[in-house]
K.L.:
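Handing you a structure now.
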Amino acid sequence: MSKGDGLVRSRFYLLDDNEVEWEGKPCVRFWGVDEKGARICILSNLIMPYGYFLPNQQDDLETIRQKVIEDKKHFPGIISVSIETKKHLGQECKVLKITCATSDVRSGYSKELQKLVGKGEGFENDLRLPVRYMADLMLTPCGWNECETDKIKLDGAEGYDAYVASTAPKSVADDTVPTLRILAFYTLTVGEKGSAKPESDPIRAIALATTSGKSATLVSEKDDVKVLKDFVEFVKGYDPDIIVGFQTNTQDWLYLIQRSKAVKFKLAVGRDSSEPHTSVYGHVSVAGRANLDLFDVASGIPEVKVKTLENVAKYLQLDSAVKFTTFEEWDRSSLWAEESGRRKLIENASMSAQASLELARETMIFPMQLSALTGLPLDQVMAAATGFRVDSYLIRKAHQIGELIPGRNEQPYFTYRGAIVLEPKTGLHDDVAVLDFASMYPTLMEKYNLSPDTFIKPGESVPEDSVFIIPEVNHRFKTKPDGLYKTVLATLIHERLSIKALLKGASPKSTGYKVLKERERALKVITNACYGYAGWAGARWHVREVAESAAALGRETITKTITKAESLGLSIIYGDTDSLFVKNERAKVKQLLDWVEDELGLEIRVEREYRRVMFTEAMKRYAGLLPDDSLDIVGLEVVRGDWSDIARQVQEEVLGKILRDQSLEEAVEAVKATIRKLQKGKVPLADLTIRKTLTKPIEKYVVRTPHVEVAKRLMKEGWTLTVGDKVAYVITKGPGKLFQKAKPSSQVKPEDVDREYYLENQVKPAAMRILERFGVSEGQLET
DNA sequence: GCTCGTTGCTTACCT
DNA sequence: ACAGGTAAGCAACGAGCG
């Protein structure tokens, strides 16, 4: 490579970043799209890897500094050591900043320093260089950034311009999104026996679809090397910025990677012609492009119980959903065996790619907004668990205020008391209002300055008038200065409010509306996760007392509100954590709301109004009729993914007849009709299938349950099942325990079904859960 | 060896 | 791999039983 044309100002929409070595130095490579729509890559080694060391207070930093610089044997690869002022848990402190020549020596010096000075603590040496850059410079992924650059020629750079940053990049406020090229793909594999194995089973087809309309279905003729080759050609030719698919991180990419290895093919799909690799949070990383698995987006739609592309597409009413069918892997080999089946599979492959593309278009704004908010690159943000999204957000905020970023040392864990749930008043209630505290925990955390850096340890003395003492648990927090959580939550809450205000004035059809809406959602997600994050042992800023205090304040809040409601003569029907269900006497409700706002200083709203609502004796399970005549069903079998459809349907019918039509008779009739259908064998297998998730590796189970036994059987037959997979089974006739009667749904014939089980253990319990509240006995369901 | 009540594993839900 | 609180089904266990 050679230095080129001199300085230019580059403004770029940041899509991806990664660490590389360049000119012998650790360096970050930013990938993005510039204002003219050119794809660009910017190299920067303006920040070298570094971390901090906080020694004991009495230690003389200058002496230690000298020792570290001179002792090359114990401290290799250190470029410079300086003394800086930072904050640790809100207290100003002097620390050593240790800058390293390479990333790999970073974690070693802390231990050496501890040996040298006896005590002390290392900070920030676990942050990878791209994270370092993003936080130090507050760069925005899925947002615009700019810097002075020097154009360079980079060997093998095709389709993009390469630069070296000569000034530090910085974020630019600009909500526009450039036109991005999205590629959706689907890989068709067929197993000879059981799941397809990359060592022996070729890729049968790869279907591709793009936002520009260009599409292809690459079908394997003799061997699949040609398909792999054409796939790479297609990717390079189209040069996508974003690659999407469904379950690509766990299926397609893994198969492509392993298959390529098996046939010794270089899967050079990266912008730098590198191969994809599995990276943090278990996602697959493709250099220069954002690889997004839409399955992770679908995980955020709880209404869809079985997360297949087909179900998600149907739920979102995508165009491609109309003709879509899911061909499960056990159906594929017989289909592939003959010409018409083959055609169907290939046709469906191209529809899958098409559906993924539509799904991406429909849902991508949220991931992009969450990426911009948290600072995690687009390909990581949806793969990362909630805790890591908050972690990323806090790292950036902490850096901004000069607070040292602690490591993630897993600490011993203690649980604590949580929220209050009230025993419901059972039966039917007309005209009920549901009152809800707005963002209760975040608000309480902000109000009482609950934070790791304001928490006063037991025994520590402080002036009494500058302390919040939390009821019941007696934890103490400084009223001043603002803690990290307060600072962060105040920003999040404030920003969310201002977006809400903007949304009120905007037309839902305007271009910016959806972006704002999704940004608002991203803010809400992060705001609401802060409480749980504080109580999570894996959190960098985990302090159990913070979460415990928020919960205690929540209990106090709801208890006081209940007392007030009762004194106003409002009948309380139910309540959970931050909600109260009361008889909708509007004048009294208004009085209560005003009281909460005036006396407690918290916002409370009428969240919903039920024309009618019913409770069983159980908490967290009820059903209500909304003003628009729709049913709101909570916690009951209808909304549970681990009951058969037949049971869920009959319960929903019963609830409809009772709440909407107010006819107990019709409800009973509906159940009888279902029972007759079941007894006649007229209920399709699909409605009898029960699905449960494998939540741990199969060998970790200590109890034999239907879904685990079925999973074991399938695995023995050569099917691949992993944690997170749903196991579909049907209970069949025969002797023994339930787990012995459960068979994989794909292997059950209609005549094998144990109708008695479905009658006694699915349909009747689901129906009776509701009906027994109204005096119906099981005998009355006899047909 | 069987029945019956209790315990605990397991999943999925609610806020 | 954000928290705790809850329901519910079923397997496993142990006591009682001539």
Side-chain angles (χ1 to χ4, degrees), chain A residues 280-282 302-303 305 383-394 408 410 413-424 434 436-442 445 525-544 546-552 554-555 558 574-581 607 615-622 632-644 647-648 690-696 700-709 723-724 726-727 731 736-742 757 760-762 765-766 768-769:
Chain A
V280 281
Y281 314 123
E303 292 89 337
K305 302 291 170 188
T386 313
F388 294 103
R389 296 177 191 162
V390 178
D391 227 30
S392 176
Y393 184 81
L394 289 179
R408 299 192 54 252
E410 196 80 23
Y413 188 66
F414 303 94
T415 52
Y416 59 88
R417 189 136 93 86
I420 289 175
V421 190
L422 304 184
E423 294 283 347
V434 182
D436 237 59
F437 284 92
S439 310
M440 186 199 244
Y441 287 153
M445 286 171 77
V525 165
I526 297 302
T527 307
N528 291 340
C530 283
Y531 155 74
Y533 174 88
W536 172 43
R540 286 176 191 270
W541 283 276
H542 164 63
V543 174
R544 192 199 78 244
V546 168
E548 193 170 28
S549 299
R555 291 193 296 271
I558 195 98
Y574 177 63
D576 184 348
T577 312
D578 60 353
S579 68
L580 278 183
F581 293 50
E607 179 66 30
F615 285 89
T616 66
E617 293 103 286
M619 302 165 175
K620 299 185 187 276
R621 311 186 121 216
Y622 57 89
D632 185 29
I633 301 170
V634 181
L636 294 162
E637 281 75 1
V638 177
V639 296
R640 289 187 64 100
D642 58 350
W643 282 73
S644 61
R648 298 168 62 192
I690 299 168
R691 290 185 174 81
K692 282 193 187 359
T693 311
L694 287 178
T695 60
K696 51 189 170 190
K700 293 264 170 71
Y701 284 92
V702 294
V703 173
R704 304 177 79 178
T705 68
H707 80 297
V708 171
E709 291 299 306
V723 175
K726 279 213 187 312
V727 182
I731 302 301
K737 299 269 191 193
L738 209 59
F739 66 75
Q740 293 163 316
K741 297 169 32 142
Y757 172 81
E760 296 299 331
N761 297 61
Q762 292 279 323
M768 286 306 294
R769 189 101 51 221

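Basis for what follows: all heavy atoms, side chains included, without hydrogens, waters or symmetry-related copies. Note on naming: letters A, B, ... go to the chains in the order of the sequence lines (proteins, then strands), and numbering restarts at 1 for each one.
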K.L.:
CG of Asp576(A) versus P of dC14(B): gap in Å, rounded?
P.N.:
10 Å

K.L.:
Could I get the full list of salt bridge (charged side-chain N to carboxylate O under 4.0 Å, His left out) partners for Lys741(A), not counting sequence neighbours?
P.N.:
Asp754(A)

K.L.:
Using a heavy-atom cut-off of 4.0 Å across all strands, would you classify Tyr574(A) as base, sugar-phosphate, or nothing?
P.N.:
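Counting heavy atoms under 4.0 Å across all strands, no contact is made by Tyr574(A).
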
K.L.:
Can you tell me if Arg769(A) touches the phosphate of dA7(C), counting only side-chain N or O atoms and a distance under 4.0 Å to OP1 or OP2?
P.N.:
no

K.L.:
Looking at Lys700(A), I'd like to know if its NZ atom is crowded, meaning that more than 12 non-hydrogen atoms belonging to other residues, nucleotides or ligands lie closer than 6.0 Å.
P.N.:
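Open.
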
K.L.:
Rounded to whole angstrom units, what separation is found between the CD1 atom of Ile731(A) and the P atom of dG9(C)?
P.N.:
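The distance from CD1 of Ile731(A) to P of dG9(C) comes to 14 Å, rounded to the nearest Å.
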
K.L.:
For Tyr413(A), answer base if it contacts any base atom (sugar-phosphate contacts may also be present), sugar-phosphate if it contacts only those atoms, and nothing otherwise; contact means non-hydrogen atoms under 4.0 Å.
P.N.:
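The residue Tyr413(A) makes sugar-phosphate contact but no base contact.
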
K.L.:
Verify the contact: side-chain N or O of Tyr757(A) to OP1 or OP2 of dC10(C), cut-off strictly under 4.0 Å; return yes or no.
P.N.:
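For dC10(C), OP1/OP2 do have a side-chain N/O of Tyr757(A) under 4.0 Å.
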
K.L.:
I'd like a list of close polar pairs between nucleotides 13-15 of chain C and the protein, N/O only, cut-off under 3.5 Å.
P.N.:
none

K.L.:
Taking only residues two or more places apart in sequence or in another chain, which ones pass salt bridge (charged side-chain N to carboxylate O under 4.0 Å, His left out) with Arg540(A)?
P.N.:
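In terms of salt bridge (charged side-chain N to carboxylate O under 4.0 Å, His left out), with neighbours along the sequence ignored, Arg540(A) is linked to Asp126(A), Asp391(A).
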
K.L.:
Can you tell me the distance, in whole Å, between the CZ atom of Arg389(A) and the P atom of dC2(C)?
P.N.:
9 Å

K.L.:
Going by heavy atoms in the side chains, are Val703(A) and Phe739(A) under 4.5 Å from each other?
P.N.:
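Not in contact.
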
K.L.:
In whole Å, what is the span from the CZ atom of Phe388(A) to the P atom of dA3(C)?
P.N.:
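Computing the Phe388(A):CZ to dA3(C):P distance gives 11 Å.
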
K.L.:
Once salt bridge (charged side-chain N to carboxylate O under 4.0 Å, His left out) is applied, do any residues pair with Asp436(A), and if so which ones, sequence neighbours excluded?
P.N.:
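For Asp436(A), no residue satisfies salt bridge (charged side-chain N to carboxylate O under 4.0 Å, His left out) once neighbours in sequence are set aside.
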
K.L.:
Tell me: CD of Gln740(A) to C1' of dC10(C), nearest whole Å?
P.N.:
13 Å

K.L.:
With respect to Glu637(A), which candidate in Lys305(A), Arg621(A), Arg648(A) satisfies the salt bridge (charged side-chain N to carboxylate O under 4.0 Å, His left out) definition?
P.N.:
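Looking at Lys305(A), Arg621(A), Arg648(A), the match for Glu637(A) under the salt bridge (charged side-chain N to carboxylate O under 4.0 Å, His left out) is Arg621(A).
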
K.L.:
Where each residue is assigned the nucleotide of DNA chain C containing its nearest heavy atom, which of Arg417(A) and Cys530(A) is assigned the position nearer the 5′ end?
P.N.:
Cys530(A)

K.L.:
Please give, in whole Å, the distance from dC10(C) P to Lys741(A) NZ?
P.N.:
11 Å

K.L.:
Just to be sure I understand the rule, does Val421(A) reach a base, reach only the sugar-phosphate, or reach nothing, if contact means heavy atoms closer than 4.0 Å?
P.N.:
sugar-phosphate

K.L.:
Assign Arg544(A) to base, sugar-phosphate, or nothing according to its heavy-atom contacts below 4.0 angstrom with the strands shown.
P.N.:
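No contact at all - Arg544(A) keeps every heavy atom at 4.0 Å or more from the nucleic acid.
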
K.L.:
Just how far is it from atom CD1 of Ile731(A) to atom CD1 of Ile690(A), taken to the nearest 0.5 Å?
P.N.:
5.5 Å

K.L.:
Find the distance Tyr416(A):OH to dC2(C):P and express it as a whole number of Å.
P.N.:
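It works out to 13 Å between those atoms.
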
K.L.:
With heavy atoms under 4.0 Å as the rule, sort Ala529(A) into base, sugar-phosphate or nothing.
P.N.:
base

K.L.:
Taking 4.0 Å as the cut-off, does a side-chain nitrogen or oxygen of Asn528(A) come that near to OP1 or OP2 on dA3(C)?
P.N.:
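No, because none of the side-chain N or O atoms of Asn528(A) sits under 4.0 Å from OP1 or OP2 of dA3(C).
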
K.L.:
With sequence neighbours left out, write down each residue that passes salt bridge (charged side-chain N to carboxylate O under 4.0 Å, His left out) with Glu709(A), or none if nothing qualifies.
P.N.:
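Here the qualifying residues are Arg704(A), Lys712(A).
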
K.L.:
Please report, rounded to the nearest Å, how far the P atom of dA11(C) is from the CG atom of Leu738(A).
P.N.:
5 Å

K.L.:
Could you list the protein-to-nucleotides 9-13 of chain B atom pairs, N/O on both sides, closer than 3.5 Å?
P.N.:
{"residue": "dT10(B)", "atom": "OP1", "partner": "Val702(A)", "partner atom": "N", "Å": "3.0"}
{"residue": "dT10(B)", "atom": "OP2", "partner": "Lys696(A)", "partner atom": "NZ", "Å": "2.5"}
{"residue": "dT11(B)", "atom": "OP1", "partner": "Thr693(A)", "partner atom": "O", "Å": "3.3"}
{"residue": "dT11(B)", "atom": "OP1", "partner": "Thr695(A)", "partner atom": "OG1", "Å": "3.3"}
{"residue": "dT11(B)", "atom": "OP1", "partner": "Tyr701(A)", "partner atom": "OH", "Å": "2.5"}
{"residue": "dT11(B)", "atom": "OP1", "partner": "His707(A)", "partner atom": "NE2", "Å": "2.9"}
{"residue": "dT11(B)", "atom": "OP2", "partner": "Thr695(A)", "partner atom": "OG1", "Å": "2.3"}
{"residue": "dT11(B)", "atom": "O2", "partner": "Arg640(A)", "partner atom": "NH2", "Å": "3.4"}
{"residue": "dA12(B)", "atom": "OP1", "partner": "Thr693(A)", "partner atom": "N", "Å": "3.1"}
{"residue": "dA12(B)", "atom": "OP1", "partner": "Thr693(A)", "partner atom": "OG1", "Å": "2.8"}
{"residue": "dA12(B)", "atom": "OP2", "partner": "Thr693(A)", "partner atom": "OG1", "Å": "3.2"}
{"residue": "dA12(B)", "atom": "O4'", "partner": "Arg640(A)", "partner atom": "NH2", "Å": "2.7"}
{"residue": "dA12(B)", "atom": "N3", "partner": "Arg640(A)", "partner atom": "NH1", "Å": "3.4"}
{"residue": "dC13(B)", "atom": "OP1", "partner": "Lys305(A)", "partner atom": "NZ", "Å": "3.2"}
{"residue": "dC13(B)", "atom": "OP1", "partner": "Val639(A)", "partner atom": "O", "Å": "3.0"}
{"residue": "dC13(B)", "atom": "OP1", "partner": "Gly641(A)", "partner atom": "N", "Å": "2.8"}

K.L.:
NA contact type, Asp436(A), heavy-atom cut-off 4.0 Å: base, sugar-phosphate, or nothing?
P.N.:
nothing

K.L.:
Can you tell me how far apart OH (Tyr413(A)) and NE2 (His542(A)) are? Round to the nearest 0.5 Å.
P.N.:
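Here the interatomic distance stands at 6.5 Å.
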
K.L.:
For a quick check of understanding: with a heavy-atom distance under 4.0 Å over all strands, which category does Gly418(A) fall into, base, sugar-phosphate or nothing?
P.N.:
sugar-phosphate

K.L.:
For the atom pair CZ (Phe437(A)) and OG1 (Thr577(A)), what is the distance rounded to the nearest 0.5 Å?
P.N.:
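These two atoms lie 11.5 Å from each other.
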
